[in-house]
Protein chains: 2
Amino acid sequence: MNGYHAHAEATDLAALAGLLADDTRASFCLALLDGRAWTATELARHAGVAASTATGHLNLLVAGGLLAEERQGRHRYVRLANAGTAELIESLACLVPPSSSGRTAPRSLSAASRRQAMARARTCYDHLAGALGVSIADAMTERGLLDWDQGLALTPSGASWLARLDITLPPAARRLPVRSCLDWTERRPHLAGSAGAALCAHAFSAGWITRIGSGRAVMLTDAGRSALHRHLGIPREPG
Amino acid sequence: MNGYHAHAEATDLAALAGLLADDTRASFCLALLDGRAWTATELARHAGVAASTATGHLNLLVAGGLLAEERQGRHRYVRLANAGTAELIESLACLVPPSSSGRTAPRSLSAASRRQAMARARTCYDHLAGALGVSIADAMTERGLLDWDQGLALTPSGASWLARLDITLPPAARRLPVRSCLDWTERRPHLAGSAGAALCAHAFSAGWITRIGSGRAVMLTDAGRSALHRHLGIPREPG
DNA sequence: CGGATACTTCGGCGGGCACCGAAGTTTCCG
DNA sequence: CGGAAACTTCGGTGCCCGCCGAAGTATCCG
């Protein structure tokens, strides 16, 4: 490659991309975008492959630094290595050509309702997405808590709003406090970054939302509905 | 894949990643990160493959939406499709594990000087990188033109500073005005986004910098050195 | 018009890799 | 202690894909 003085850059980049260039491994990573740790068997079942096949793929992904693993007894728990990895997968997913695989309509009623639940509210790695995530970002913008004019930023009143909710951001680390993440059902941005993560964690612990089943979909509780109405003026039926 | 109700998401993501999962195609994309249009032959020569091989790869990349092509007579010019593509490749390159392929020291004198020139100043898609790009970002931060506290943003004085240079940003479009891009030689962020691009374009048109040869490396001119000293207080020998 | 150049198409070759099932190891639990 | 469950290792199979060179087409230029 690269004729005479190989940067070896291209090989590295290709190797990294190659980790995501397999249906099964991509399926693993998308599943792990829910931010939780899955066992090898769960992932194998989810992707529809044999356990031995999953083992091989997990070895590759862990060795490549995309996944972190944690052994507990006979279980191998695996999760995305860090926020950077999640952001990479997200940006890749956002760049998928919309017309590629004709967005097949769901076949069964249960599949339809599951999809609907996902579109309504779900987690995206460690923050909120779906109609709920977008409406939160919209409401925060409208109330002057977020500023999109020159790059996404948290305004002073946004910072104090978070503080009023007892949400403290981790000390300005490598990760940006606020980041925009394109929602692939809404095609509009929602709130990511450490503030988005903290807000999502708060929503769980305060009982605003709960998981539906084992997937990424979440449900807005009654308490959550009134909290969002109170704190952000979001109408009772956000979708 | 995915057992019963295939999201078909995983397949799409894998297909997109697969476009970058080949040494030759990755080499093409990294070369195109200089933001210019290359001919098929140039890319083939750069990657060290036969012309027929390059044709096949270019077909894939164009069909996949990563590259845009423009035919002129017997030439096939190809460039990165958009800024989003460039950002994807950048973020992929930034996530490459540092220790992967032992950063081989250059063999020849000319290779060493070429690498040195790249480290000093180069283009990164449509903005400036290398020690020059990093020192510009640092100087802008120090003078209060950029604000990193809550996400990267251009301050009011930063906006008027740009205006004083006759740099007008495109109307707030999809692309963020300022974005941080991790520099892989300096391991520190430099300025990307539409403001970074506009600044880079201005630097070219004002004669602050010129291309060295056919690569991504650029050279700071005397005029550029004094302009940067005047406008940003950057010392004469930025490295 | 005729040679040179840029690109494309095609056939064939070779290697890598994703898959599975069977057998083995470790851990859990009754 | 013994069975079940989670995971791993190993061998074998088949397919996909990247590569090349030769021949074909389009374009440029003298």
Side-chain angles (χ1 to χ4, degrees), chain A residues 1-3 6 10-11 13-32 36-64 66-79 214, chain B residues 1-3 6 10-32 37-64 66-79 214:
Chain A
M1 290 307 99
N2 200 344
T11 302
L13 189 140
L16 180 57
L19 288 178
L20 296 170
D22 172 82
D23 281 6
T24 301
R25 286 193 295 270
S27 167
F28 286 5
C29 291
L30 286 176
L32 290 166
R36 294 184 292 178
W38 293 47
T39 68
T41 304
E42 284 169 346
L43 286 173
R45 204 176 119 72
H46 173 79
V49 296
S52 58
T53 303
T55 291
H57 287 305
L58 291 180
N59 288 342
L60 289 179
L61 289 169
V62 169
L66 291 185
L67 264 45
E69 71 179 359
E70 211 164 325
R71 308 260 177 171
Q72 272 182 30
R74 57 179 167 180
H75 293 285
R76 177 190 205 176
Y77 283 100
V78 83
R79 56 180 168 76
S214 64
Chain B
M1 291 304 98
N2 200 345
T11 303
D12 296 347
L13 190 139
L16 181 57
L19 288 177
L20 296 171
D22 173 81
D23 281 6
T24 302
R25 286 193 295 269
S27 166
F28 286 4
C29 291
L30 285 175
L32 290 166
W38 293 48
T39 67
T41 304
E42 283 169 346
L43 287 172
R45 206 176 118 71
H46 173 78
V49 296
S52 58
T53 303
T55 291
H57 287 304
L58 291 181
N59 288 342
L60 289 179
L61 289 169
V62 169
L66 291 185
L67 263 46
E69 71 180 358
E70 211 164 325
R71 308 261 176 168
Q72 273 181 30
R74 58 181 168 180
H75 293 286
R76 178 189 205 176
Y77 283 100
V78 84
R79 54 180 169 76
S214 64

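Nothing here was measured: the structure is a model prediction, and the numbers come from that model. Protein chains get the first letters and strands the later ones, always in sequence-line order, with residue 1 at the start of each.
If you take NE2 of B:H57 and C1' of D:dC20, they are 12 Å apart, rounded to a whole angstrom. Residue A:D22 contributes atom CG, which lies 13 Å from atom C1' of C:dG16 at whole-angstrom precision. In this structure, A:E42 places its CD atom 13 Å from C1' of D:dA5, rounding to the nearest Å. Residue B:E69 contributes atom CD, which lies 12 Å from atom C1' of C:dT8 at whole-angstrom precision. We find that CG of A:L43 is positioned 13 Å from P of D:dA6, with the value rounded to whole Å. Note: CZ (A:R45) to P (C:dC20) measures 15 Å, nearest angstrom. Atom C1' of nucleotide D:dC17 and atom CG of B:L61 are separated by 14 Å, given to the nearest angstrom. B:R76 has its CZ atom 13 Å from the C1' atom of C:dT9, to the nearest Å.
Taking only side-chain nitrogens and oxygens, B:R71 never comes nearer than 4.0 Å to OP1 or OP2 of D:dA26. Listed pair B:H75 / C:dT5 fails the phosphate criterion, with no side-chain N or O lying under 4.0 Å from OP1 or OP2. Distances shorter than 4.0 Å separate none of the side-chain N or O atoms of B:T53 from OP1 or OP2 on D:dC19.
Between the side chain of A:R36 and the backbone N or O of A:A31 there is no donor-acceptor pair closer than 3.5 Å. Judged purely by atom type and a 3.5 angstrom limit, A:R45 has no side-chain atom pairing as donor or acceptor with the backbone of A:A50.
Each of B:L61, B:L43, B:T39 was compared with B:V78 under the side-chain contact (heavy atoms from CB on, under 4.5 Å) criterion, and only B:L43 meets it.
Of all nucleotides listed (C:dT8, D:dT8, D:dG18), D:dT8 comes nearest to the side chain of A:T55. Listed nucleotides D:dG18, D:dC19, C:dT8 differ in distance to B:V49; the shortest reach to its side chain belongs to D:dC19. Of the candidates C:dT8, C:dC19, D:dC28, D:dC28 carries the atom nearest the B:R74 side chain, counting heavy atoms from C-beta on.
Side-chain contact between A:L66 and A:L16 is present, with at least one heavy-atom pair separated by less than 4.5 Å. Side-chain contact check for B:L58 versus B:E69: every heavy-atom pair is 4.5 Å or farther apart.
A donor-acceptor contact under 3.5 Å links the side chain of B:S52 to the base of D:dG21.
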